[in-house]
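Naming convention: chains lettered A, B, ... in sequence-line order (proteins, then strands); numbering from 1 in each chain.
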Number of protein chains: 2
Amino acid sequence: MKVTTKDLIVQTASDLFYKNGYNLTGINEIIATAGIAKATLYSHFKSKEDLCVAYLHSKDEALLEAIREFCSNKSAGDTRLIAVLEFLVQFFKSGDFNGCWCIRTFSEIPRDNKIIKAQIKKGKTKLLNYIKLLVKENKPKLTKKQQIQLANRIYLLYEGAVSESHLQNESWPIQENIEILKELLD
Amino acid sequence: MKVTTKDLIVQTASDLFYKNGYNLTGINEIIATAGIAKATLYSHFKSKEDLCVAYLHSKDEALLEAIREFCSNKSAGDTRLIAVLEFLVQFFKSGDFNGCWCIRTFSEIPRDNKIIKAQIKKGKTKLLNYIKLLVKENKPKLTKKQQIQLANRIYLLYEGAVSESHLQNESWPIQENIEILKELLD
DNA sequence: AACCATAGACAGACTTGTCTGTTTTTTATT
DNA sequence: AATAAAAAACAGACAAGTCTGTCTATGGTT
């Protein structure tokens, strides 16, 4: 499996954007880290904004895949729903954790940047849809309305846990939101 | 009550920082909006970072005062605890709402900026302490441990609601977290 | 020879922060 | 109350650096 130059660029940019922030990461830093020329980068992406969209997309895809795998290894039922939050425990511990790329990027762009905002929305919708699917599969007895509400709640607890554990640099927000979810499921 | 130049600077910078972001707001824009000279600004604040700390402090103080007043007008008991989240409903509607300045600023600064991070932590601790006080007053029958846990949960639901209603640009995260809190209080 | 990717110069537009010198406002003393 | 002294704010040029994105020229591979 060959790593294309484009993938290398996205990977490098993603790592730097996520670690140090979008605005604080310059194009020159990206090309230096990737070991490519500037012209090469601009032959694959027409602008930094373009690269940002690819970064968000890449991160979202990888996350969803990781959650999917994590949850599928848990036994069906409530356990699998709680696993969505428990996934964050290991993510937080991994050392790579640096909060939500969506919220962080959202904080860095101008208000009127619709392109990046659209990509962010897309990623969040995908996550929410996955949770909805999980709820449907593991809480089949609930009404559709109840399923949607539960999915929204899991999503909110997930997002809150990410945001706050990042800000506090502590894992208790994740643990506490897991406890909240457990109580809600009773 | 005279408005000092220093207050004018903080007010102007706060509005711009909060509206458009810290990095996207230049010193020149601040002085032009405030109608002051650059030397005047730098006679009151030794750097933009200094101004950022004042911005965070100012916002935190104003918020806590607003929440305090909002909650004190509600009847004691569970209602007053729920009011912490209900405060966000009107805040969101106000039009000034643009998410949490702490998280947004946190996303914009370098990882090693301890000064700004310390100020952010300070503000969040103050908010959490206020909630702890509220819980103590309105849930006197709970054990100390239970009080702290409840305060942490209200804080988490509050923060999650702020973060997600901002990202989604919708108020349902606030409403849903209010519902979660109500269930937890039962 | 044709084609890429490289290195890096460059333009143009930003940024923060310093500095000079003038003007206004406030405070203190007579 | 009038005048002198001190403090504060003014305008704006300027340095030194950042950034993105374009372009030229060099080198290596097929």
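- In this entry the distance linking CD1 of A:Ile31 with P of C:dG8 reads 10 Å, nearest Å.
- Ring centroid separation for the pair A:His166 and A:Phe92 does not come in under the 6.0 Å cut-off.
- Side-chain contact between B:Tyr158 and B:Asn177 is absent, with no heavy-atom pair separated by less than 4.5 Å.
- Comment: A:Lys139 engages A:Asp78 in a salt bridge, judged by a side-chain N to carboxylate O separation of less than 4.0 angstrom.
- Contact of the B:Leu128 side chain with the B:Asn152 side chain is registered, since non-hydrogen atoms from C-beta on lie closer than 4.5 Å.
- Using a 4.0 Å heavy-atom cutoff across all strands shown, A:His44 reaches no nucleic acid atom at all.
- The overall bend of the helix from C:dA1-D:dT30 to C:dT30-D:dA1, read as the angle between its terminal helix axes built from five base pairs each, is 10° when rounded to 10 degrees.
- Read 5' to 3', the first and last nucleotides of DNA chain D with an atom closer than 4.0 Å to a heavy atom of chain A are D:dT20 to D:dC23.
- Scanning for side-chain contact (heavy atoms from CB on, under 4.5 Å) contacts around A:Lys121 gives A:Thr125, B:Gln168, B:Glu170, with sequence neighbours left out.
- In this structure, the side chain to side chain donor-acceptor pair (under 3.5 Å) partners of B:Lys124, at least two apart in sequence or on a different chain, are B:Glu159.
- Shown here are the side-chain contact (heavy atoms from CB on, under 4.5 Å) partners of A:Leu184, two or more places apart in sequence or in another chain: A:Arg153, A:Leu157, A:Ile180, B:Ile180, B:Glu183.
- Using a 4.5 Å cut-off on side-chain heavy atoms (C-beta onward), A:Tyr18 and A:Tyr55 make contact.
- Ion pairing between B:Arg80 and B:Glu137 fails under the 4.0 Å rule for side-chain N and carboxylate O.
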Nucleotide by nucleotide, nucleotides 16-23 of chain C touches protein heavy atoms under 4.0 Å in the pattern (B base, S sugar-phosphate only, - none) BBBB----
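- Looking at B:Thr12 and B:Asp15, their side chains never bring a donor and an acceptor atom within 3.5 Å of each other.
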